[in-house]
*Asks:* 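Structure below; questions to follow.
Hydrogens, waters and symmetry mates play no part in the numbers below; they use all other heavy atoms, side chains included. Proteins come first, then strands; the chains are lettered A, B, ... in the order of their sequence lines, and each starts at number 1.
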Amino acid sequence: MTDHDLRRELKALIVRELGLEGTTPDAIVDDAPLFGEGLGLDSLDALELAVAIEEQLGVRLPEGDAVRPVFASIAALADWVAAARAGR
Amino acid sequence: MRVAITGVGVVSPLGTGARATMRRLVAGARAMAPLSLFEPPGTRSTLACEVRDVEALRAALGPRARAFSRADVLALVAAREALEEARLGAGTFALVVGGTAGGLFETELTLAAMLRDETLAPPREGLEAHPPGAVAARLREELRGVRDARAVSCACASGATALALAASLVASGRVERALAGGVDALARLTYAGFDALGVSAREPCRPFDAARAGLTLGEGAAFVVLEAEPSARARGAKVLAELAGWAAGAEAHHPTQPDREGSVALDVVRSALARAKLGADALDYVNAHGTGTTLNDASEASVLARALGAEAARVRVSSSKGQLGHSLGAAGAVEAVISVLAIEAGVAPPSVGLETPDPAFALRFVGPVGEPAPIRAALSTSFGFGGMAAALVLAEPGWAPDREEPAPRRCVVTAVGGSSPEGVASLDATATRRFDRASRLLASAASAALPAAPLASRTGLVAGATFGDVDGSAAFVSRLVDKGARLVSPAAFPNLVPSGAVGNVSILDGLRGPVLAVHERGTGAEAAIATAFELVRAGEVEVVLAGGVEPASALVARAFAPWRDAPARDEPRGEGATLLRLVDEAGARRAGERALARVVDVAAAAQGPPPWPDVPPRAAVFAALAPDDLDRWLAGSAWADAPRTRVAPPRGGAHDAAGAWVLAAAVAAIASGECASALAVGLGDGGLRATWIEAP
């Protein structure tokens with residue numbers, strides 16, 4: 001899967017799992033913050049996303065504060081997932 | 001009016017009995033142990049504080065107790081201990097019970113299985129323990145003397161709020177005696193839910209410690225007998241302490257995160273102290289909520305430091321959760337009793353699990369064993385999901401000044417709001433993205449019942465129902481069983497406390513007054529309206545939205561078919577929410593709100609008609625009941641011959657919380673001049689509930 005495909009898949013997953021009805025996946029900017037500003041997600045969304053990613057993409061995100069850099073943006077998340085899949 | 005505490009009862013993981021629990025608590029014992037009630041479902045944490053020997057307690061209650069839920073057993077034992085100590089004799093009392101899980105432990109697997117397999121028939125018995133009002137109903141049956149039972153839920157503040165509501169009833173002269181408390185038993189759903197939120201510690205919890213890593217779940221029950229102090233004195237009762245101050249509110253901030261600012265929590269603490277007419281200089285001890293989570297302890301420590309001010313260097317603070325764990329709906333009641341016994345024994349209970357206090361916390365924490373010290377007054381705080389906050393002030397008899405209670409406030413209805421498909425569709429999609437069906441219906445009704453202008457005063461929200469979110473709970477447990485604890489939905493969990501919907505709506509609409517759910521089979525809405533009326537009448541809140549909500553549910557229709565009341569059984573179960581805005585009359589006038597009707601009184605009757613002997617002229621009875629049922633209940637009363645309106649079901653179909661819809665119909669009739677006075681009645685557990693309204 002290319003980096004581009006993974007990013008698209010993650011955007012679709014976010015919109016679907018978090019019930020963001022008003023947002024189209026393509027409208028999510030790769031480098032924009034996901035939490036706080038940008039998409040404006042909160043801590044509950046982060047937990048929910050981590051579960052969805054583990055179930056659907058087969059990778060387990062770090063817990064607690066360690067997950068913050070992973071969720072900095074779609075780009076950061078995609079990089080982390082790709083690395084985890086490659087066993088790095 | 002002083003509110004005297006004349007009896008206390010506790011069943012806890014440290015022992016059966018209030019003083020037995022206190023002895024072990026003061027000695028520094030901890031009740032944490034590997035979970036044994038059920039197999040840890042793959043959670044990170046595997047510890048819990050379980051009540052030992054529940055089966056021995058059950059056996060001692062006799063053969064009837066074989067059908068009781070675990071929560072029933074805990075509650076009944078604790079309630080009886082309090083009543084025995086108080087020696088009320090033949091007198092009647094109001095009952096207020098706080099809780100979040102009820103009989104979930106006994107019913108969660110069955111409901112999950114029924115959700116997964118549509119062909120599975122409901123068991124003939126066992127599911128009646130599920131509704132959140134079931135424990136209160138059980139207590140009403142098993143205890144002699146219960147006049148009116150109220151089951152309330154506001155997450156982890158339930159126990160404290162139950163005590164606050166009961167104290168208000170006594171202080172305002174509404175009742176002379178009340179039995180109030182909280183109960184919760186462990187369940188797989190709650191255990192997995194907290195774990196999914198990442199707030200369960202793998203080690204025994206360490207409230208306020210620099211290295212704290214989360215909470216440890218517990219269970220238990222605690223009850224207190226509250227009496228008007230003059231009556232307690234007149235009958236020679238021993239007064240253990242006074243419940244001198246109380247307050248409840250909601251942060252309207254986030255479903256699971258405390259507001260870092262903590263302004264509502266601080267206000268609630270200050271209101272409780274103001275009610276007690278005590279300053280921080282008159283306090284000797286604080287029993288904190290102190291769960292051991294990073295966020296709760298930080299925001300609470302900040303609130304306490306601000307509330308105590310200069311006294312923070314002197315007033316001892318501890319959390320009992322380092323020994324008893326977090327017993328959710330029971331916690332506030334258990335900790336209130338601990339505070340009473342601290343006053344009685346002259347000892348500040350320890351703060352176990354605390355080795356190195358977080359350096360940011362400028363508070364005086366008690367050490368690992370109790371510290372003897374005169375405790376003349378104690379503050380007990382409780383915080384819960386949805387931003388619920390409650391504070392109680394306990395004081396030794398005579399320490400707090402006596403208080404002349406204000407005259408009862410007059411209560412008017414100034415608006416009515418019902419849910420509608422258009423209302424639901426127009427909700428802010430982003431703000432309501434995690435809302436379950438009940439939350440959406442309630443939000444729709446709320447937006448119709450709230451003024452367009454920003455809220456001038458703290459508005460409360462009290463909504464009643466028979467059920468919580470049965471589908472959501474079944475789905476959550478089904479996933480737990482299928483996929484394990486790591487893959488349950490964290491965001492779904494806060495919706496599953498029975499107060500999930502009121503919590504969500506309070507956040508959406510900025511409602512910061514007392515926020516709670518009330519549960520009763522068939523008459524949850526009527527009971528909620530009664531609770532709201534009593535709060536306004538006592539001057540506890542100026543504006544409150546009150547009514548009911550029930551979501552549609554095929555699972556409820558299937559699972560509870562054998563158990564539903566006869567009138568409701570034949571009708572397909574609809575859904576909807578209705579809220580009425582109840583306002584202090586003087587406040588309504590000041591705000592320029594037009595009164596549609598005045599709420600004169602509310603009453604519940606276990607058998608027979610409402611207690612009001614005189615029927616005013618041009619009065620009518622409004623109900624959704626069959627004529628025969630109405631005849632049976634009103635026979636022999638002055639209302640038997642009053643003209644009746646059979647209220648047709650609301651747009652979404654008949655449902656258990658339609659009592660608010662019936663009252664709305666009566667309000668409309670008054671407002672249009674069709675009648676000058678009206679009685680809105682409903683039938684449910686505990687008999688007839690009636691709301692009497694008249695032209696303003």
*Asks:* Of D30(A), D79(A), T2(A), which is the lone residue that meets side chain to side chain donor-acceptor pair (under 3.5 Å) with R7(A)?
*Replies:*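 In the set D30(A), D79(A), T2(A), the residue that makes a side chain to side chain donor-acceptor pair (under 3.5 Å) with R7(A) is D30(A).
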
*Asks:* According to the interplanar angle, ranging from 0 to 90°, do the rings of F385(B) and F493(B) count as parallel (below 30°), tilted (30 to 60°) or perpendicular (above 60°)?
*Replies:* perpendicular

*Asks:* Checking T430(B) against chain A: side chain, backbone, both or neither under 4.5 Å from a heavy atom?
*Replies:*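 Neither the backbone nor the side chain of T430(B) comes within 4.5 Å of chain A.
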
*Asks:* Can you tell me how far the CG atom of L328(B) sits from the OG atom of S382(B), to the nearest 0.5 Å?
*Replies:* 11.0 Å

*Asks:* Can you tell me if D471(B) and S553(B) form a side-chain donor-acceptor pair at under 3.5 Å?
*Replies:* yes

*Asks:* What part of E63(A) gets within 4.5 angstrom of chain B, counting heavy atoms only: side chain, backbone, both, or neither?
*Replies:*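 When you check distances to chain B, only side chain atoms of E63(A) fall under 4.5 Å.
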
*Asks:* When only pairs under 4.5 Å are counted, which of A429(B), G198(B), S489(B), P494(B) shares the most heavy-atom pairs with chain A?
*Replies:*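 Counting heavy-atom pairs under 4.5 Å, the top option is S489(B).
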
